[in-house]
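Computation of the quantities below employed the complete heavy-atom set of this structure, encompassing side-chain atoms and omitting hydrogens, waters and symmetry-equivalent molecules. Labels below follow one simple rule: chain letters A, B, ... track the order of the sequence lines, proteins then strands, and each chain is numbered from 1.
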Amino acid sequence: MTVRTRYAPSPTGDPHVGNIRTAVFAWAFARVHGGQFLVRIEDTDQNRLVPGSLEAIYESLRWLGIEWDEGPDIGGPHAPYVQSQRLEMYQAAANTLISRGRAYRCFCTAERLDAMRAAQAAAKKPPGYDGLCRDVTEAESERRSQTESFVVRFKMKREGQTVLNDIIRGQVVFENALQDDFVALKSDGFPTYHLALIVDDTEMGITHAIRGEEWISSAPKHLQIYEAMGYEPTKFAHLPLIVGPDRKKLSKRTGDTALLDYARKGYLPDAMLNFLVLLGWSLDDHTTIISRQTLLTNFALERVVPNPALFDLERLNFLNGQYIRELHAHEWLRTVDDWARRTLPEHLRTAADPATLAAVAPLLRERTAVLGEIGPAIEFFFGADAPEFTIDQLTEKVSSREEAVRVLDAALMALDDVPAAAWETGAIELAIRSLEGTLGQKLRKFIPVLYVAVEGRAQGLPLFDSLAILGRDRSLHRIRAARARAG
RNA sequence: GGCGCGUUCGUCUAGAGGCCCAGGACGUCGCCCUUUCAAGGCGAAGAUCAGGGGUUCGAAUCCCCUACGCGCUACCA
């Protein structure tokens with residue numbers, strides 16, 4: 001049997017990391033078993049549609065490097081892959097269910113349902129449909145359906161148990177008596193998730209339904225529809241939730257959790273994939289960096305843990321740094337070039353020339369965790385003057401303002417002796433190191449002054465290299481300017 | 001409230017009766033390297049395995065109870 005899995009998002013906004021992680025697992029699982037992975041759009045709630053989400057869904061997957069074999073955009077043998085375009089199938093299924101006595105039309109109004117729930121709440125009774133329309137005769141049901149609006153409710157069993165054999169959690173038992181008759185087909189003719197899921201997964205030949213843990217309590221509904229329709233159910237794997245710092249399910253409220261936000265901030269897709277995949281799953285007892293190749297040959301649902309995982313940014317940052325350092329030199333250069341253009345202040349963008357960028361890239365490599373930091377880190381290379389700084393910053397690391405002046409004067413003198421033709425890192429280093437003698441101080445004591453004068457802050461890219469890249473004129477100009485300000 | 005799922009260092013996890021007075025990684029701290037900041041190297045602290053009962057010669061691992069957390073409880077997915 002060929003494995004077929006799917007990612008079935010709703011077009012209700014940019015996919016969030018937790019949701020996408022479900023797609024990653026489903027995709028990896030299919031690939032490990034040489035099967036297919038497809039995308040299906042679940043747009044059965046017409047009220048929640050958000051324009052543009054379809055593109056965001058595709059873009060999220062593409063960004064992570066997840067390819068799908070069938071989907072709305074590329075078609076496939078089971079097209080259409082959008083639920084709003086398959087309404088006849090759901091309606092046919094609903095009719096089958098009605099004719100088999102496993103579903104019934106419900107004519108209850110929203111008002112009655114509200115009143116019923118209010119009464120149940122007041123009486124501290126569990127909420128649930130009271131079954132009023134369950135016993136409407138076939139003839140009457142047929143007749144009323146001509147004039148009244150109705151939904152189709154699935155008739156849940158009243159006795160016994162429904163048992164889910166979850167790949168991750170094992171056996172989960174539900175008492176049928178506690179289940180209630182849920183809506184399968186809404187009054188607007190659209191199916192609910194429950195009905196659409198069974199119809200589509202069956203029609204599309206899905207073998208494993210991989211979804212979030214929040215679905216586990218509706219599993220009995222799904223199992224019973226499968227049975228009523230006479231279909232073989234898929235296998236189920238309910239993945240643990242990804243939770244935010246508040247330990248609640250990650251959501252828009254908990255902050256920026258849309259996958260593409262991380263792309264925009266400067267995370268590498270490979271790092272994100274690595275991070276996501278190791279949230280709830282592990283290869284063994286020590287692997288923290290895992291290649292796409294290894295993932296696609298070793299991922300196993302059986303090794304997914306059942307407990308929720310916290311989205312830990314620190315860890316993501318670490319991984320991103322690791323992946324940055326693993327990039328080939330030319331890839332890194334291209335990345336720096338790209339992100340410099342994106343993150344440098346508007347007025348400096350055109351000044352960022354390829355030669356400077358190429359010289360700066362190696363310096364940046366060990367110092368970048370998130371690509372968005374690139375602009376601010378290299379800003380000082382472009383423009384005649386150093387970025388703005390205060391006198392306090394300039395003198396912060398030395399004993400006094402006078403001391404700063406001494407450092408700047410000495411540096412000026414030493415650097416001035418380096419001829420333009422010899423202006424490179426080695427010579428610059430020698431010149432500045434010679435100040436240890438002139439000033440009678442350790443380099444690390446006085447060098448912060450020069451960092452501020454040249455880079456606008458006490459910490460930044462290595463000074464000697466930076467001065468070399470900056471060029472003799474601009475370097476001396478900046479130190480002179482700082483000297484003038486210091487008095 | 002009901003039902004369900006879950007509970008190993010702050011975090012992600014390894015662990016499927018003896019290899020575990022619990023291993024790895026992130027983070028933290030210290031040292032080394034060092035032109036600042038990083039990166040890197042080395043090292044340390046950090047988990048009475050949620051608590052309590054069993055079962056067993058022996059339990060993080062099996063069973064029961066309790067607590068806590070989360071999820072679901074819609075004509076949302």
*Asks:* Using the P atoms only, state how far B/C62 lies from B/G24, rounded to an integer number of Å.
*Replies:*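 My reading of the P atoms in B/G24 and B/C62 gives 24 Å.
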*Asks:* Verify whether the ring centers belonging to A/Trp215 and A/Tyr193 lie closer than 6.0 Å.
*Replies:*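 They qualify: ring centres under 6.0 Å apart.
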*Asks:* Return the nucleotide paired to B/C68: Watson-Crick means purine N1 to pyrimidine N3 with N6-O4 or O6-N4, wobble means G-U with N1-O2 and O6-N3, both under 3.5 Å.
*Replies:*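 By the stated definition (distances under 3.5 Å), B/G6 pairs with B/C68.
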*Asks:* If you take all heavy atoms of A/Pro240 and A/Val305, which pair is closest and at what distance?
*Replies:*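 Of all heavy-atom pairs spanning A/Pro240 and A/Val305, the closest is CG-O, 3.2 Å.
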*Asks:* Considering only side-chain heavy atoms of A/Glu314, which listed nucleotide, B/C76, B/C26, B/U36, is closest?
*Replies:*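 Selected nucleotide: B/C26.
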*Asks:* Tell me what A/Trp281 touches on the nucleic acid: a base, only sugar-phosphate, or nothing, going by heavy atoms under 4.0 Å.
*Replies:*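 Answer is nothing: A/Trp281 stays at 4.0 Å or more from every strand.
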*Asks:* Output, in order, the C-alpha distance, side-chain angles, deciding distance and verdict of salt bridge (charged side-chain N to carboxylate O under 4.0 Å, His left out) for A/Asp416 and A/Arg472.
*Replies:* CA-CA 9 Å; A/Asp416 206 37; A/Arg472 190 173 191 273; 3.4 Å; yes
*Asks:* Expressed in whole Å, how much space separates the C1' atoms belonging to B/U7 and B/A50?
*Replies:*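 Rounded to whole Å, the distance is 6 Å.
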*Asks:* Respond yes when some side-chain nitrogen or oxygen of A/Arg303 is under 4.0 Å from OP1 or OP2 of B/G15, and no when none is.
*Replies:*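 A/Arg303 to B/G15 OP1/OP2: side-chain N or O found under 4.0 Å.
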*Asks:* Hey, is A/Arg40 close enough to A/Glu42 for a salt bridge, meaning N to O under 4.0 Å?
*Replies:*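 A/Glu42 and A/Arg40: salt-bridged.
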*Asks:* Please determine, for the side chain of A/Lys248, which listed nucleotide (B/G15, B/C70, B/A74) has the closest atom?
*Replies:*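 The listed nucleotide nearest to A/Lys248's side chain is B/C70.
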*Asks:* Without decimals, in angstroms, what is the distance between A/Met156 CE and B/C3 C1'?
*Replies:*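 Result: 12 Å.
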*Asks:* Within the structure, does a side-chain N or O atom of A/Arg153 lie under 4.0 Å from either OP1 or OP2 of B/C75?
*Replies:*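 Affirmative; the distance criterion is met.
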*Asks:* Have a look at A/Leu443 and say if it touches a base, only the backbone sugar-phosphate, or nothing, with a 4.0 Å heavy-atom cut-off.
*Replies:*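 Sugar-phosphate only.
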*Asks:* Between A/Glu148 and A/Arg105, is there a salt bridge with N-O shorter than 4.0 Å?
*Replies:*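 No, A/Arg105 and A/Glu148 are not salt-bridged.
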*Asks:* Quiz question: going by heavy-atom distance under 3.5 Å, is there a donor-acceptor pair between the base of B/C72 and the side chain of A/Ser218?
*Replies:*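 Checked by distance alone, the answer is no.
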*Asks:* For A/Ser10 and A/Thr425, find the nucleotide of RNA chain B closest to each by heavy atoms; which residue's nucleotide sits nearer the 5' end?
*Replies:*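 Closest to the 5' end, via its nearest nucleotide, is A/Thr425.
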*Asks:* Rounded to whole Å, please give me the gap between CG in A/Leu394 and C1' in B/U36.
*Replies:*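 The answer, rounded to whole Å, is 14 Å.
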*Asks:* Between residues 359-368 of chain A and RNA chain B, which residues have a heavy-atom gap below 4.0 Å?
*Replies:*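 Of all residues in residues 359-368 of chain A, the ones placing a heavy atom under 4.0 Å from RNA chain B are A/Glu366, A/Arg367.
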*Asks:* A/Gly321 near the nucleic acid: base, sugar-phosphate alone, or nothing, with a heavy-atom cut-off under 4.0 Å?
*Replies:*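 Contact class for A/Gly321: none.
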*Asks:* Got a sec? Which of residues 41-53 of chain A come in under 4.0 Å of RNA chain B, heavy atoms?
*Replies:*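 Within this stretch, A/Glu42, A/Thr44, A/Asp45, A/Arg48 sit under 4.0 Å of the strand.
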*Asks:* Taking only the C1' atom of each, what is the distance from B/A60 to B/G6 in whole angstrom?
*Replies:*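 After rounding to an integer number of Å, I get 16 Å for this pair.
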*Asks:* Between atom CD in A/Glu373 and atom C1' in B/C37, what is the gap in whole Å?
*Replies:*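 Going from CD in A/Glu373 over to C1' in B/C37 covers 12 Å.
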*Asks:* Could you check which nucleotide pairs with B/G1 in any of the strands shown, counting Watson-Crick or G-U wobble with both distances under 3.5 Å?
*Replies:*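 Check on B/G1: paired to B/U73, both distances under 3.5 Å.
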*Asks:* Does either side chain, that of A/Asp200 or that of A/Tyr90, offer a donor lying less than 3.5 Å from an acceptor on the other one?
*Replies:*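 The criterion, which ignores hydrogens and geometry beyond distance, is satisfied for A/Tyr90 and A/Asp200.
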*Asks:* Can you check the distance between B/A22 and B/G69, where both ends of the measurement are the P atom (answer in whole Å)?
*Replies:*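 One P to the other, the span is 30 Å.
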*Asks:* Remember a base hit wins even if backbone is also touched, and classify A/Val183 as base, sugar-phosphate or nothing at under 4.0 Å, heavy atoms.
*Replies:*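 Contact class for A/Val183: sugar-phosphate only.
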*Asks:* Not counting sequence neighbours, which residues clear side-chain hydrogen bond (donor to acceptor under 3.5 Å, both in side chains) with A/Arg21? List them please.
*Replies:*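 For A/Arg21 there are no side-chain hydrogen bond (donor to acceptor under 3.5 Å, both in side chains) partners, ignoring immediate neighbours.
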*Asks:* Return the value, rounded to whole Å, for the distance between atom CD1 of A/Ile290 and atom P of B/C12.
*Replies:*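 Those two atoms, CD1 and P, are 18 Å apart.
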*Asks:* Base, sugar-phosphate, or nothing for A/Ser282, non-hydrogen atoms under 4.0 angstrom?
*Replies:*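 It contacts sugar-phosphate atoms only.
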*Asks:* Hey, does the side chain of A/Lys186 come within less than 4.0 Å of B/C76's phosphate (OP1/OP2), counting only N and O?
*Replies:*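 Affirmative; the distance criterion is met.
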*Asks:* Any donor-acceptor pair under 3.5 Å linking the side-chain atoms of A/Glu403 with those of A/Gln441?
*Replies:*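 Yes, A/Glu403 and A/Gln441 have a side-chain donor paired with an acceptor closer than 3.5 Å.
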*Asks:* Of the options B/C75, B/U13, B/U11, whose atoms approach the side-chain atoms of A/Arg117 most closely?
*Replies:*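 In terms of side-chain proximity for A/Arg117, the closest of B/C75, B/U13, B/U11 is B/C75.
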*Asks:* Please measure how far the C1' atom in B/C64 lies from the corresponding atom in B/C70, and state the result in whole Å.
*Replies:*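 Between the two C1' atoms, the distance is 23 Å.
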*Asks:* Would you confirm whether the ring centroid of A/His194 sits within less than 6.0 angstrom of the ring centroid of A/Phe154?
*Replies:*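 Ring centres of A/His194 and A/Phe154 not closer than 6.0 Å.
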*Asks:* If pairing requires Watson-Crick or G-U wobble contacts with both distances under 3.5 Å, which nucleotide is the partner of B/U61?
*Replies:*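 For B/U61, the partner nucleotide comes out as none, under the 3.5 Å rule.
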*Asks:* A/Gln322 near the nucleic acid: base, sugar-phosphate alone, or nothing, with a heavy-atom cut-off under 4.0 Å?
*Replies:*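 Sugar-phosphate, no base atom in range.
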*Asks:* Could you list the residues that satisfy side-chain hydrogen bond (donor to acceptor under 3.5 Å, both in side chains) with A/Ser291, not counting sequence neighbours?
*Replies:*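 side-chain hydrogen bond (donor to acceptor under 3.5 Å, both in side chains) list for A/Ser291, sorted by chain: A/Thr294.
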*Asks:* Does the side chain of A/Arg211 pick up a donor-acceptor pair with the side chain of A/Thr22 at under 3.5 Å?
*Replies:*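 Result is no, nothing qualifies.
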*Asks:* Return the pairing partner of B/G40 with a 3.5 Å limit on both distances, Watson-Crick or G-U wobble; otherwise return none.
*Replies:*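 Pairing partner, where one exists within any strand: B/C32.
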*Asks:* Pick the closest RNA chain B nucleotide for A/Gln459 and for A/Trp215 by heavy atoms, then say which residue is nearer the 5' end.
*Replies:*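 In this pair, the answer is A/Gln459.
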*Asks:* Protein-nucleotides 4-7 of chain B N/O pairs closer than 3.5 Å?
*Replies:*
{"residue": "B/C5", "atom": "O2'", "partner": "A/Arg169", "partner atom": "NH1", "Å": "2.6"}
{"residue": "B/C5", "atom": "O2'", "partner": "A/Glu213", "partner atom": "OE2", "Å": "3.0"}

*Asks:* Let's go through A/Leu273 and A/Leu295 carefully: what are the C-alpha distance in whole Å and the side-chain angles of both, what is the deciding distance for side-chain contact (heavy atoms from CB on, under 4.5 Å) to 0.1 Å, and is it a yes or a no?
*Replies:* CA-CA 10 Å; A/Leu273 185 74; A/Leu295 171 69; 4.2 Å; yes
*Asks:* Look through every strand shown and name the nucleotide pairing with B/C49 as Watson-Crick or G-U wobble, where both distances are under 3.5 Å.
*Replies:*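 The base-pairing partner of B/C49, which may sit in any strand shown, does not exist here.
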*Asks:* Grab the two heavy atoms, one from A/Ala377 and one from A/Leu461, that are nearest each other, plus how far apart they are.
*Replies:*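 Answer, listing the atom of A/Ala377 first, then A/Leu461: O-CD1, 4.0 Å.
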*Asks:* Among the candidates B/G24, B/A25, B/C12, find the nucleotide nearest to the side-chain atoms of A/Thr288.
*Replies:*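 Out of B/G24, B/A25, B/C12, the nucleotide with an atom closest to A/Thr288's side chain is B/A25.
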*Asks:* Using a 4.0 Å cut-off on heavy atoms, which residues in residues 444-452 of chain A reach RNA chain B? List them by number, or say none.
*Replies:*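 Residues of residues 444-452 of chain A under 4.0 Å from RNA chain B: A/Ile447, A/Tyr451.
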*Asks:* Give the ring-plane orientation class for A/Phe236 versus A/Tyr226, where under 30° counts as parallel, over 60° as perpendicular and anything between as tilted.
*Replies:*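 Aromatic pair A/Phe236/A/Tyr226 classed perpendicular.
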*Asks:* If you measure from the C1' atom in B/U8 to the same atom in B/G23, how many Å do you get, rounded?
*Replies:*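 About 12 Å, rounded to a whole number of Å.
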*Asks:* Would you mind classifying the nucleic acid contact of A/Val243 as base, sugar-phosphate or nothing, using non-hydrogen atoms under 4.0 angstrom?
*Replies:*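 A/Val243: no heavy atom of the nucleic acid under 4.0 Å.
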*Asks:* What are the two closest non-hydrogen atoms of A/Ser217 and A/Pro220, and how far apart are they?
*Replies:*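 Heavy atoms only, the tightest pair is O-CD, 3.5 Å.
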*Asks:* Now, which nucleotide makes the Watson-Crick or G-U wobble pair with B/G27, with each of the two distances under 3.5 Å?
*Replies:*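 Looking at the geometry, B/G27 pairs with no nucleotide.
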*Asks:* Does B/U56 have a Watson-Crick or wobble mate here (both distances under 3.5 Å), and if so which one?
*Replies:*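 No nucleotide pairs with B/U56.
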*Asks:* Under 4.0 Å between any heavy atoms, over every strand shown, what does A/Asp180 touch: base, sugar-phosphate, or nothing? Just pick one.
*Replies:*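 Touches nothing.
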*Asks:* Using the six-membered ring wherever Trp is involved, compare the ring planes of A/Trp281 and A/Phe299 and label them parallel, tilted or perpendicular (cut-offs 30° and 60°).
*Replies:*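 Aromatic pair A/Trp281/A/Phe299 classed tilted.
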*Asks:* For atom CD of A/Glu388, is the number of surrounding heavy atoms from other residues, nucleotides or ligands below 6.0 Å larger than 12?
*Replies:*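 Not buried by this count: 12 neighbours or fewer within 6.0 Å.
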*Asks:* Please give the nucleotide sitting opposite B/C21 as a Watson-Crick or G-U wobble pair, both distances under 3.5 Å, or none.
*Replies:*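 Partner of B/C21: none.
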*Asks:* Out of A/Leu278, A/Leu319, A/Asp270, which residue meets the side chain to side chain contact (heavy atoms under 4.5 Å, CB included) rule with A/Ile289?
*Replies:*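 Of the listed options, the one satisfying the test is A/Leu319.
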